[in-house]
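Everything on this sheet refers to the single structure shown next.
The sequence lines fix the lettering, A, B, ..., with proteins before strands; numbering per chain opens at 1.
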Protein chains: 2
Amino acid sequence: MEEFDRENVPSEEIDEETLFIVTQTFKALGDPTRVRILHLLFKKECSVNEIADTLDLRQSTVSHQLRFLKNLRLVKYRREGTTLFYSHDDEHVMRILEQMINHACHS
Amino acid sequence: MEEFDRENVPSEEIDEETLFIVTQTFKALGDPTRVRILHLLFKKECSVNEIADTLDLRQSTVSHQLRFLKNLRLVKYRREGTTLFYSHDDEHVMRILEQMINHACHS
DNA sequence: ATAATATATGAATAGATTATCATATATGCA
DNA sequence: TGCATATATGATAATCTATTCATATATTAT
């Protein structure tokens, strides 16, 4: 008879909640617009319009996608007057994104 | 005047081809069925029917998803008689998947 | 209070994605 | 050759997604 550490059993099926979070997060990274936004925020904090201008996207497109990313807590913002400055809010996911970018462009 | 190493400039927009590969790969990881399949293949090589039985999926569903994953070179297979044994084929992406699973279930 | 600016929201639509069924193909064996 | 088994494929329908336009909301300054 063997004992298992419940925190450390890689050999079982993923539980439903974890699966949901994992796939939602990867889904967020599976869209070009969102990846471009996140990659921009990796470098610096940006306002909505800055993002739209830099990436040549409509303001509403950016706003919709930022909401999506904020729901997943991948970005956060701070207000300064009427301007909202967005920045990334999940170091680990950002590291994963940069890893994948490096993987992709050195392959 | 400064010189840049073209291979090492994190501060620019991602080129289109890299963006495509990155988002395609994340898209692959953004679906519960594919994540369950990959997570299973992380542990061991499996035949199509084994995957279907283990994960309670239709054979054709598994086959379609395996084709998807194979197009992205995330899985490979070897034949033994009429049986095809699939296994993962991208260590880096598998590491990223396992990282995200750990991130998700310890959060 | 009004205007100007920044951002968010809702509805609509076009396009993509997924699972399923039915069937085709391929291999091994009697 | 013909049958059984394993896997692949094609078409379809249901669902989901991303973008767009139009408009609403919020903040600041006059």
* Among residues 47-61 of chain B, which contact DNA chain D at a heavy-atom distance under 4.0 Å? ->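 When residues 47-61 of chain B is checked for heavy atoms under 4.0 Å from DNA chain D, the hits, listed by number, are B/S47, B/V48, B/N49, B/Q59, B/S60.
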Throw together a table of side-chain donor-acceptor distances under 3.5 angstrom for residues 78-91 of chain A, partners on residues two or more places apart or in other chains.
| from | atom 1 | to | atom 2 | distance (Å) |
| --- | --- | --- | --- | --- |
| A/R78 | NE | A/E45 | OE2 | 2.7 |
| A/R78 | NH1 | A/E80 | OE1 | 2.6 |
| A/R78 | NH2 | A/E45 | OE1 | 2.9 |
| A/R79 | NH1 | A/G81 | O | 3.2 |
| A/D90 | OD1 | A/H92 | N | 3.2 |
| A/D90 | OD1 | A/V93 | N | 3.0 |
| A/D90 | OD1 | B/H103 | NE2 | 3.4 |
| A/D90 | OD2 | B/H103 | NE2 | 3.2 |

* Check the pair B/V62, B/N49 against side-chain contact (heavy atoms from CB on, under 4.5 Å), reporting the backbone distance first and the verdict last. => CA-CA 8 Å; B/V62 173; B/N49 278 331; over 6 Å; no
Side-chain contact, heavy-atom cut-off 4.5 Å: [X] with [Y]?
X	Y	value
A/L66	A/I51	yes
A/L29	B/V22	no
B/V48	B/Y77	no

* Between B/H39 and A/E13, does a side-chain contact (heavy atoms from CB on, under 4.5 Å) hold up when you go through it step by step? -> CA-CA 8 Å; B/H39 185 66; A/E13 256 229 66; 5.8 Å; no
* Contact summary for A/D31 and B/T23, nearest pair of heavy atoms ->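 Answer, listing the atom of A/D31 first, then B/T23: C-CG2, 3.6 Å.
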* Asked: Less than 3.5 Å between a donor and an acceptor, one on the side chain of A/H64 and one on the base of D/dT20, is that the case here?
  ->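 Answer yes: a donor N or O sits under 3.5 Å from an acceptor.
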* **D/dA6 OP1/OP2 closer than 4.0 Å to side-chain N/O of B/R79** =>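 B/R79 to D/dA6 OP1/OP2: no side-chain N or O under 4.0 Å.
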Listing, residues 14-21 of chain B side-chain donor-acceptor contacts under 3.5 Å, not counting sequence neighbours, or none:
| from | atom 1 | to | atom 2 | distance (Å) |
| --- | --- | --- | --- | --- |
| B/D15 | OD1 | B/T18 | OG1 | 2.7 |
| B/D15 | OD2 | B/E17 | N | 3.2 |
| B/D15 | OD2 | B/T18 | N | 3.2 |
| B/D15 | OD2 | B/T18 | OG1 | 3.4 |

Please round to the nearest 0.5 Å and tell me the distance separating atom [atom1] of [X] and atom [atom2] of [Y].
X	Y	atom1	atom2	answer
A/T25	A/R73	OG1	CZ	12.0 Å
A/I37	A/R34	CD1	CZ	8.5 Å
A/L74	A/Q24	CG	CD	11.0 Å

* Asked: For DNA chain C, which residues in residues 65-76 of chain A have a heavy atom at a distance below 4.0 Å?
  ->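 Heavy-atom cutoff 4.0 Å gives A/R67.
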* By a strict heavy-atom criterion of less than 4.0 Å, which residues belonging to residues 80-90 of chain B are in contact with DNA chain C? ->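 Contacting residues: B/G81, B/T82.
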* Quick check: does any side chain N or O of B/T54 sit under 3.5 Å from a backbone N or O of B/E50, one acting as donor and the other as acceptor? ->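 Yes, because the side chain of B/T54 sits within donor-acceptor range (under 3.5 Å) of the backbone of B/E50.
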Every protein N/O lying under 3.5 Å from an N/O of nucleotides 14-16 of chain C:
none

* Length of the CZ-C1' vector between A/R78 and C/dA6, whole Å ->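 It is 15 Å, rounded to the nearest whole Å.
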* Should we count NZ of B/K44 as having more than 12 external heavy atoms under 6.0 Å? ->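 More than 12 heavy atoms, drawn from other residues, nucleotides or ligands, come within 6.0 Å of this atom.
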